[in-house]
Every structure is written in C-alpha cells, then in structure tokens.
There are 2 protein chains.
Amino acid sequence: MVRAKVTIERLVNAAAELTDEVGFDQLTVSALARRLDVRDASLYSHVRNVQDLRMRLAALALTELADRVAEALAGRAGKDALVAFGNAYRDYAKAHPGRYAAAQIEIDPESPAGSAARRHAELTRAILRGYALAEPAQTDAVRFLHSTLHGYVSLERAGGFRHHPRTADDSWRRSLDALDAVLTTWPPD
Amino acid sequence: MVRAKVTIERLVNAAAELTDEVGFDQLTVSALARRLDVRDASLYSHVRNVQDLRMRLAALALTELADRVAEALAGRAGKDALVAFGNAYRDYAKAHPGRYAAAQIEIDPESPAGSAARRHAELTRAILRGYALAEPAQTDAVRFLHSTLHGYVSLERAGGFRHHPRTADDSWRRSLDALDAVLTTWPPD
DNA sequence: GAGATAACCTAGAGGCCCTAGGCAGGAGGG
DNA sequence: CCCTCCTGCCTAGGGCCTCTAGGTTATCTC
C-alpha cells in the first residue's frame, strides 16, 4: 500500500486550504482526513485534538500575515506605510478568510503562535514611528488602529456593508484617510 | 406528569443565558435541552434547527442592544452622544458576550432580525447628526465608527489588550476622544 | 535481513443534530 | 361528564463528529 506520507506541515497546509474554503468553524478533523485520503483517527498521531489543530492554524496565519505586512511595510513610512499595512491586512483576510478567522482566536503567549503574535504587534507599532507618538498615547493609537482595521474587515466579511450602494472599497480608502488624519493629530489629554 | 411548559420565549431566554455562560459557538440544542430539563428532540417543535436558534438569539441581541443604545442616546448630542453610544455598546458586550457574538452573524434583511439590525443602523447614523456630514461621507463615517467600536470590543474580549500594563479602559476613553476628533474634522476628499 | 519506528488501520464509546412516530395532559364541544 | 383533538414531550434511531486503544504495515537503520 502506498503511504500518504502525511507530515505535520502537509497537514497544516491542507487544513489552511480547507478552512479558507469551508470557514474556520467548519474545519473538522474528519473533513481534513477525507481531504488527505486518510482515516480521521490517523490524524491524531500528528495533532493532539481539534483545538491543537486550530492553534497550529492560528500560528500559520499569524506568521503569514506578519510576513505580508513586513513586506508591505518595507521602505515605506507615514501614510504610505499605513495604507500598505491596511491593504496587506485586508487583502489577506479577503484571500484567506478561514486563516484570518484563525488568527483571531485567543493566543497563549507561551505557545509558538505567541511569538508570531508578538511579531505582529511590533510591526503595528512600527507604523506609528512615522507619527511620533509617545507612551501611553502610542499604545492607545496602536489599539485604535488595530481595532479599526480589524473591525472593518470583520464587518465587511460578515456582510455588514452590502445593503448600501456605497462600495466597501471606497469607504475603505476614506477610512484610511481618516486613520491617517487622526494619527497625525492624535488628540492630547 | 408535570409539563415543563417550554414556550419559544422561555426557550430563547434560556438560550441567551446559556450562550453568555458558555460562548456563542458552544450553544447547542442538547445543552439547552439539559438546562430546560427536557430531551433535545423536544426542542425541535419550537425551533427548526440550530441555525434557527442562533438566528432568534441574534434577533434578541440586536433588539436589546438597540434598546440600550436608544436609551443611552436620549437627550444627548455630539461627543456626549458618541461616548454614551460607545459605552452602551461596550458594556453590553461585556455583560452579554454570547449575545454580542450572536448579534454579529450575517443577518437576512427579510427576517425579523433584519428590522432590529436596521434600527441599529439608524441609531448609529443618528449620532452623526451632531457632526454634520453629507453623503457619501456620512456612510463612510458610520462604517468607520462601527468598525472601530466593534473592533475594539472584539479585540478586548479576545484578550488582545491583556499583555500590556496600559488598561483597556484608559485606551477606550482615548479612542472615543480620537473618534470624536476624526468625526469633527472628517477629512475632505 | 532484523529490529525499530513511524504511519496508518479497525473498532468502538460518547456527543451532537435531526427525523419519525408514539403517548399523555389539558382545552373545548357535545 | 366524557370524548376528541391538539400540543408538548417522549423514545428510537441514523448520521456525523471527536477521540482512545490497540493492532498492522511500510520504511529506515544497522
């Protein structure tokens, strides 16, 4: 019999493709086993349980996202960097909805996903260098920025912007303008 | 035998309590049946399926949220209204995490939940009256506002703000200040 | 070629969703 | 007061999912 040669890498990659097709909450061990042409029980030698699988997927997604953001940010500063960051973020969520959802689960800082999450946080903070904000305003601004971007893509995905003629793309551009404006003139206490 | 007298109202209320305790994705027909001291199959005469249950919960949550927001907005305008709106929103999410998650699912505009969602959208738009924005800037601003608020509470719930000494409350206040500032000086095209 | 190991298998228990069909308690009519 | 009907709840059962235990086979190493 020919062995399927499932490795943990192939398994997680297949899970990433699957979750983008069916949604993160529909990612099951059974469905993944079917896709790999293997019995479901066989996967439990690679993965502890379904939680473990999801955590690994979160780590993959956070790493991929951080890579794309890092690439988008290279050589840019100020508003240019902000727009590149936002677009990298939104494009990833559009291209890989399942992985994006995976990246939002609660992360144990000690886990391998934790370091990817930290890297992500550092990149977000890097954008704000162009806006010269001191602590604690910098932390507040990071949270504000992250909230707006994440909120936008998550509402857009949930279909919240579909019942209106104004396109999500147009509002997105104006939202980035607004973010740039508010970061530039971050209100003093 | 004493009948449990499950009505659709009692059922949805029990589901709301349950989901706040265990999370929206852990809301199952079985668990709800156990809580109502009834067999799971019995609930299918009240509810078509688990999707139907979730949709009814979404309708409940959207209605409750709209009620609270409407109350918070009464007699307020401008930044005062913005802060009240934001706090009503965030407080609801804190007090009722499961219901808040339920309110985020994709809503069919034709369903009863659709009218609650529309009412919600109108209330959001009402806030912007104090900021005198014409279309399409108004729609962009509504989306921006909603994105930031939803993004903030959802990241806060996911634990994204826990790995830093700056409190989520402090950043929240500053985020509302920033929102007020950006709505006041909404950047022209 | 003989372990040793890794990868896969079957069997099975338990949980959840949902359908089909049966039984009993309470309401209304005769 | 009794009969009937309806509603609310029941049991039985199939299908899918998670996960464990323990057995089998392919491949790697010596």
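Here is how names work: the chains are called A, B, and so on, in the same order as the sequence lines, proteins then strands, and each is numbered from 1.
With rounding to whole Å, B/Leu36 atom CG is found 16 Å from D/dC10 atom C1'. We find that CG of B/Asp25 is positioned 14 Å from P of D/dT18, with the value rounded to whole Å. In this entry the distance linking CD of A/Glu9 with P of C/dA7 reads 11 Å, nearest Å. At whole-Å resolution of the value, CG in B/Leu43 and P in D/dT7 are 18 Å apart. Between the P atom of D/dG8 and the CG atom of B/Asp37 lies a distance of 17 Å, rounded to the nearest Å. If you take CZ of A/Arg39 and C1' of D/dG23, they are 16 Å apart, rounded to a whole angstrom. If you measure from atom CD of B/Gln26 to atom P of D/dT18, you get 13 Å, rounded to the nearest angstrom.
Both tests do not hold together for A/Arg174 against B/Phe144: distance to the six-membered ring centre under 6.0 Å, angle to the ring axis within 45°.
Regarding contacts with the backbone of C/dA7, every side-chain N or O of A/Ser45 stays at 4.0 angstrom or more from both OP1 and OP2. At D/dT7, none of the side-chain N or O atoms of B/His46 fall inside 4.0 Å of OP1 or OP2 (strictly under the cut-off).
Residue pairs satisfying the salt bridge (Lys or Arg N to Asp or Glu O under 4.0 Å) criterion with at least one member in residues 113-122 of chain A, sequence neighbours excluded, are listed as follows: A/Asp67-A/Arg119.
Between B/Phe161 and B/Tyr152, the two ring planes are tilted [angle within 30° to 60°]. Taking the six-membered ring where the residue is Trp, A/His120 and A/Tyr89 present tilted rings, their angle falling between 30° and 60°.
Aromatic pair B/Tyr92/B/His96: centroids less than 6.0 angstrom apart.
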For a quick check, with a 4.0 angstrom heavy-atom cut-off, what is the B/S/- contact string for nucleotides 15-20 of chain C, read 5' to 3'? -SBBB-
Show the numbers, then the answer: is there a side chain to side chain donor-acceptor pair (under 3.5 Å) between B/Ser171 and A/Arg143? CA-CA 7 Å; B/Ser171 289; A/Arg143 289 173 176 180; 3.1 Å; yes
